[in-house]
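Everything on this sheet refers to the single structure shown next.
Every chain is numbered from 1 and lettered A, B, ... according to where its sequence line falls, protein lines coming before strand lines. Computed from a predicted structure; not experimentally measured.
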Amino acid sequence: MTTVSPPLNDNRNDPRSARELIAFCIGEQEFCVDIMSVREIRGWTQATPLPHAPSYVNGVINLRGAVLPIVDLAARLGFPRTVPTARSVIIVVRVELQLFGLLVDAVSDILTITDELLQPTPDLASDLAKTFVRGVMAIEGRMISLIATDNVLPQFQSAA
Amino acid sequence: MDAMAEIRQTFFEECAEQLAELEAGLLAIENGEADSDTVNAVFRAVHSIKGGAGAFCLDDLVHFAHVFETTLDEMRTGRLDSSEKVVKIMLRSADALADLVTAARDGGTADAERNAGLIDELKGLVALAKGEEPPAPTAAASGGSTDGPVYDDGMGDFDFTPVAVDISDLMGIGGDNKFRIVFKPSPRMYAKANEANRVLRDVYALGEAKVSCNTSEVPLLTAIDPEGAYLTFTIELSTAEPEEKVREVFEFVEFDCDLSIEAVLDEPDGDIEADDPDIAEILARIRAAPDGEPAPEPAHEPDEEAPVAAKASQPEPEHAKAAPKPAAPPAPSAPAAAKADAGGDGKGGASAGGAAQTIRVDLERVDRLIDLVGELVIHQVMLSQRAYQAGLARASDVAVGFDELEQLTREIQDSVMAIRAQPVKSVFQRLPRLVREVADISGKQVRLVTEGEWTEVDKTVIERLADPLTHMIRNAIDHGLEKPADRLAAGKPEEGVVRVAAMHRSGRIVIEISDDGAGINRKRVKETAIKKGLVPAEANLSDEETDNLIFLPGFSTADKISSLSGRGVGMDVVKRSIQALGGRVSITSRPGKGSTFTMSLPLTLAVLDGMIVSVGDQTVVVPLTAIIETLQPKASEVKSFGGDARLVQVRDTFMPLVDVARELGYSHDLASATGGVAILVEAENGARSALLVDGIQGQRQVVIKSLEANYGRVPGIAAATILGDGRVALILDVDAVVATSRVEGNFFNSGMKHAAE
């Protein structure tokens with residue numbers, strides 16, 4: 001576990017300034033999501049494809065009786081589609097009342113950071129990345145992008 | 001919700017039950033099936049509503065209930081015959097009472113004018129009853145004064161004595177009949193929230209009574225059982241009433257006390273050495289006791305007992321109303337009570353001891369339990385499959401254990417599903433009123449016969465059953481039955497019969513609505529359909545096909561739109577709403593004999609009977625309700641029809657062949673028609689198509705899982721399910737798949753095909 005912001009104890013005791021993030025890899029890049037939105041992390045199982053779904057939706061899996069859609073985060077961010085292997089990981093996140101899984105290559109770290117460390121998304125980033133990347137941070141020489149999970153799932157019109 | 005609102009809600013829930021009981025009772029009386037229990041149950045129902053309403057200061061309701069109760073009391077005491085006219089007024093009063101309850105709950109207003117009229121009619125009945133039997137002023141007063149002070153009493157009276165009448169007014173009217181009554185309450189009587197004091201008061205109301213109380217059995221304070229009963233009352237009664245009237249007073253407590261009522265001939269002091277040695281002994285003991293205590297004294301004992309009795313809180317209406325609903329004691333029989341309907345306790349005190357114990361449970365909790373059990377079943381299947389795959393011998397101990405586990409989980413699943421099941425009675429009991437109203441408006445005489453009202457089905461199905469059922473009954477009366485004059489001319493009784501029957505049949509519930517009317521006028525139906533362009537004029541339709549024309553959208557045979565039918569809801573809507581429930585509806589009709597509509601519905605919406613099919617390398621579930629037949633098309637039967645469109649010939653009709661894999665985007669190439677299986681399906685609009693799939697794996701019941709909760713609606717997919725291997729399988733939305741496969745409405749789907757059933 002990498003602790004970045006000294007003094008460590010103060011941050012731990014003050015939840016307002018500290019937040020914990022789960023970092024993971026997609027190809028060569030590292031991303032992270034707020035640990036509060038993560039419900040569980042599990043291994044890859046074969047998903048049932050959904051008809052007429054966007055290309056970044058792998059399909060649905062059975063999560064203890066619930067039907068869980070899986071989003072290929074790489075494809076969602078505009079990278080080539082992930083080819084799931086037995087070592088791929090599904091991060092189950094919750095946005096409001098919806099549960100869904102993010103397909104990533106591996107979970108790499110749990111970070112405790114303060115908001116000052118978070119830098120705004122650089123202008124260079126593509127429009128697509130900007131939609132999902134809330135900010136970047138430099139940690140031990142690595143660049144980690146914070147993903148906002150809100151818009152990851154395709155939006156459905158409520159009437160649909 | 002604050003406590004008061006909660007109690008209020010409970011009150012209205014119970015009102016609904018009481019109203020149902022009231023109506024059921026009145027109908028039994030109407031059919032001549034009534035015994036004294038029925039009349040009492042009816043009386044109690046109104047009484048309980050009045051009592052509860054008093055607590056909430058619902059003055060209109062209290063007033064109406066009071067007048068109603070008074071009239072019922074006349075019936076209870078036998079002074080008012082349950083003639084047809086009387087029962088009709090009472091039924092209408094029951095409707096009015098229901099409206100008042102609704103108005104009180106939802107804050108609306110009831111039809112004051114009608115209620116006033118009914119009150120007058122009810123009072124008229126009371127007057128009639130009194131007029132017929134002049135020498136009964138006392139008894140009539142005990143429950144009979146229609147308004148004025150008694151009504152005021154009823155209002156403020158929180159112990160819900162029907163009428164708190166000043167006893168002194170009622171005393172002193174002696175009569176020729178003299179009785180000696182020995183009344184020894186048992187602890188059971190108090191436990192049922194009956195009170196000796198009230199019984200005694202009722203005895204006073206009959207005439208001149210002298211009560212003495214034998215306290216000799218009362219033990220020392222240390223030995224006293226707070227819930228015990230130790231007192232014996234001896235009553236010397238002089239009354240104008242016959243013995244039955246006296247016995248009636250004890251009717252409610254008869255089985256919970258030692259009671260002897262003996263007519264005393266002429267000698268006021270009675271014959272102490274009476275024939276009955278027991279009485280003699282008791283009387284001797286009474287003598288031994290210090291002077292018979294005056295009447296009000298016995299009140300002491302009931303006072304002591306009352307709180308205990310209230311805690312015991314049997315489902316006696318009086319107490320159920322006084323106290324907030326007892327917080328469902330965790331009865332040991334709770335699992336056993338699973339079959340009992342969730343909202344149906346308080347069957348009334350008619351059989352206080354025998355009534356099934358029920359608890360009220362939040363529906364969400366039950367649904368959560370059902371979900372969990374569904375998962376348990378899936379995991380159990382997965383686990384045993386994996387165990388066998390891992391090379392476990394079928395005869396090993398572990399395998400035996402798995403078998404037992406499987407049985408157990410199935411049993412749990414059935415029991416849990418049964419919790420949601422309710423008798424269709426809750427829908428059926430609304431029907432009599434509907435029939436009355438429709439019969440009134442249409443000027444027809446209708447008798448409703450219901451059968452199988454205890455048939456159980458899932459609560460959601462019940463809720464969604466009410467509308468189509470209502471419409472079909474309205475239809476049966478409005479269109480099915482003839483006018484009385486026409487019926488007589490046809491040699492039938494004036495009164496038409498509408499029969500509604502529910503039954504279980506091969507894992508589904510079947511509801512039949514039949515009338516003994518004229519049957520479907522096929523000639524007119526066909527003419528209408530041709531006129532509206534629903535079928536070609538030259539169409540040659542079988543009788544069955546003609547009958548089914550009435551389910552076509554835009555069809556209505558009514559010459560003019562009456563206030564009943566023609567509310568913009570046709571039989572097509574009925575059919576659609578039944579199909580939305582996974583059900584089917586069919587019709588049979590015989591000219592001059594009547595028509596029968598049969599609807600068949602799944603017992604629950606949580607599971608679905610499906611055919612498991614392979615589409616590409618995916619597994620898909622097709623709802624069995626949509627499937628008519630399956631076949632393997634031969635090359636000669638498949639016709640290309642321009643572009644990618646293909647038709648398949650089934651006997652002598654052609655229907656479009658829908659390539660499911662392609663529609664779902666699982667494959668882009670046209671599947672070979674001859675290598676697969678064609679499933680003939682009927683869409684909601686009656687159009688038939690053939691779905692082409694790669695193979696059929698089997699048929700089984702699947703648990704329906706929502707896709708929308710975590711994802712959203714997927715075109716062509718109705719829902720998802722989880723198969724035994726733990727994978728998610730999609731449930732096909734047959735209508736959507738068929739619809740999207742057609743770029744535009746085409747001519748295979750003509751009215752002709754609509755009609756084919």
Self-check item: Heavy atoms of other groups near B/R386 CZ, more than 12 under 6.0 Å
Solution: no
Practice problem: For A/E40, check salt bridge (charged side-chain N to carboxylate O under 4.0 Å, His left out) against everything at least two apart and list the hits. | Solution: A/R64
Exercise. Please list, chain by chain and in numerical order, all residues satisfying side chain to side chain donor-acceptor pair (under 3.5 Å) with B/S614, sequence neighbours excluded.
Key: B/Q697
Self-check item: Spatial distance of atom CD (A/Q98) from atom CD (B/E708) [nearest 0.5 Å]
Solution: 10.5 Å
Quiz item: Hey, is the main chain of A/F100 close enough, under 3.5 Å, to the side chain of B/N710 for a donor-acceptor pair?
Solution: no
Quiz item: Where does A/I61 contact chain B at under 4.5 Å (heavy atoms): side chain, backbone, both or neither?
Solution: backbone
Practice problem: Determine whether more than 12 heavy atoms belonging to other residues, nucleotides or ligands lie under 6.0 Å from atom CZ of A/R42. | Solution: yes
Self-check item: chain B contact via A/A53 - which portion, at a heavy-atom distance below 4.5 Å
Solution: both
Quiz item: B/P715, B/A720, B/G665: which one forms the most heavy-atom pairs within less than 4.5 Å of chain A?
Solution: B/P715
Practice problem: Identify the heavy atoms of A/P49 and B/L730 that sit nearest to each other, and give their distance. | Solution: O-CD1, 3.6 Å
Quiz item: Of all heavy-atom pairs between A/A47 and B/R727, which one has the smallest distance, and what is that distance?
Solution: O-NH2, 3.7 Å
Quiz item: Where the side chain of B/Y711 meets the backbone of A/V67, is there a donor-acceptor pair that is under 3.5 Å apart?
Solution: no
Self-check item: Most chain B-contacting option - heavy-atom pairs closer than 4.5 Å, from A/T45, A/V57, A/L97
Solution: A/V57
Quiz item: Quick one: CG on A/L50 to CD on B/Q618, what's the gap to the nearest 0.5 Å?
Solution: 9.5 Å
Quiz item: Of the backbone (N, CA, C, O) and the side chain (C-beta and beyond), which part of B/T721 lies under 4.5 Å from a heavy atom of chain A, both, or neither?
Solution: neither
